[in-house]
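First the structure, in the form of structure tokens, and then the observations on it.
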Amino acid sequence: DAKTTQPPSMDCAEGRAANLPCNHSTISGNEYVYWYRQIHSQGPQYIIHGLKNNETNEMASLIITEDRKSSTLILPHATLRETAVYYCIATQKTSYDKVIFGPGTSLSVIP
Amino acid sequence: EAGVVQSPRYKIIEKKQPVAFWCNPISGHNTLYWYLQNLGQGPELLIRYENEEAVDDSQLPKDRFSAERLKGVDSTLKIQPAELGDSAVYLCASSLQGESTEAFFGQGTRLTVV
């Protein structure tokens with residue numbers, strides 16, 4: 001699976017949009033981009049995934065560049081409860097065993 | 001719907017003692033994963049099961065770690081004997097094979113070896 005790189009930390013004001021970048025320049029054509037987050041003392045939680053097109057659900061939006069080498073997770077109106085570590089991973093749908101979770105981005109939502 | 005259930009939530013043991021963790025995946029999920037997570041790092045896969053078969057255990061330290069998934073449902077992960085360096089959070093996750101789109105994680109077991 002493709003390796004991903006993310007900034008180690010970010011801050012965001014409460015109520016503002018949080019834009020979390022992820023670089024996956026070696027992603028292959030059949031690999032999806034997945035985002036998970038991990039709130040302190042809990043297990044990771046799935047947020048969203050995409051292949052080529054931009055995706056939106058009740059939690060976030062995912063913007064994938066046309067060349068698929070990078071993506072951005074958008075939390076439209078960040079809340080304090082969304083302070084967490086956010087992981088971006090690239091994997092084929094059925095091969096979580098090959099997933100490499102990096103250290104992720106620690107997002108702090110500030111009042 | 002109940003999520004992935006792990007127990008115990010916390011465990012403190014002395015080094016050289018054995019310890020076991022238990023995981024009950026989401027009903028119907030045939031794929032089960034055990035991960036290890038050290039402080040400040042992302043989860044690292046230890047073993048993956050498809051039903052009752054371990055299909056990827058290459059990262060499992062087999063000299064002291066063992067796992068089983070009887071009847072393809074619940075799973076246990078054991079360490080014997082535990083070492084100081086085994087202190088970490090042990091996460092269990094499950095997913096549906098095939099059109100699986102996400103893995104569901106339990107809250108984890110925080111192990112402290114003293």
Side-chain angles (χ1 to χ4, degrees), chain A residues 1-9 20 22 24 30-53 55-60 62 73 83-108, chain B residues 2-7 9-10 21 23-26 29-51 53-60 67 88-112:
Chain A
D1 288 357
K3 180 180 178 181
T4 62
T5 55
Q6 301 175 251
S9 63
L20 290 86
C22 178
H24 33 79
N30 62 350
E31 288 183 320
Y32 289 73
V33 178
Y34 283 79
W35 283 82
Y36 282 76
R37 72 176 167 209
Q38 187 171 25
I39 296 171
H40 182 64
S41 296
Q42 297 184 22
Q45 175 194 25
Y46 166 84
I47 300 174
I48 198 168
H49 76 284
L51 182 63
K52 296 180 181 179
N53 300 322
E55 303 287 344
T56 296
N57 63 20
E58 65 278 5
M59 297 175 71
L62 174 61
L73 178 75
T83 291
V85 176
Y86 288 78
Y87 298 103
C88 167
I89 60 177
T91 183
Q92 298 177 38
K93 262 190 176 182
T94 59
S95 62
Y96 276 94
D97 54 321
K98 299 179 177 62
V99 165
I100 300 175
F101 283 88
T105 295
S106 178
L107 175 69
S108 296
Chain B
V4 176
V5 179
Q6 291 187 246
S7 68
R9 188 82 171 86
Y10 304 93
F21 315 124
C23 174
N24 179 236
I26 291 175
H29 281 193
N30 54 340
T31 304
L32 184 145
Y33 313 81
W34 282 103
Y35 288 87
L36 175 153
Q37 186 172 27
N38 288 305
L39 187 65
Q41 300 181 24
E44 302 170 34
L45 181 75
L46 289 173
I47 189 169
R48 174 172 73 98
Y49 281 93
E50 293 296 339
N51 300 305
E53 181 183 0
V55 296
D56 185 352
D57 62 355
S58 57
Q59 302 302 314
L60 190 71
V89 175
Y90 292 83
L91 293 162
C92 178
S94 70
S95 67
L96 280 171
Q97 183 62 314
E99 286 302 309
S100 170
T101 58
E102 59 187 284
F104 294 82
F105 285 79
Q107 286 192 302
T109 295
R110 180 176 295 278
L111 173 68
T112 301

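Below, each value reflects all heavy atoms present in this structure, side chains not excepted, and no hydrogens, waters or symmetry copies. Convention: sequence-line order gives letters A, B, ...; per-chain numbering from 1.
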Pairwise distance CG(B:L91) to CD(A:Q38) - rounded to 0.5 angstrom: 6.5 Å
With a 4.5 angstrom heavy-atom cut-off, is it the side chain or the backbone of B:Q37 that approaches chain A, or both, or neither? side chain
Interface moiety of A:S41 toward chain B, non-hydrogen atoms closer than 4.5 Å: both
Can you list the steps and then say if A:Y36 with B:E102 is a side-chain contact (heavy atoms from CB on, under 4.5 Å)? CA-CA 9 Å; A:Y36 282 76; B:E102 59 187 284; 3.9 Å; yes
Shortest non-hydrogen contact between A:P44 and B:P43, atoms and distance: CG-CG, 4.1 Å
Check the surroundings of atom CD in B:Q59: do more than 12 heavy atoms from other residues, nucleotides or ligands lie under 6.0 Å from it? no
Any side-chain heavy atom of A:F101 sitting closer than 4.5 Å to one from B:Y35? yes
Under 4.5 Å to a heavy atom of chain B? For A:Q45 that would be neither
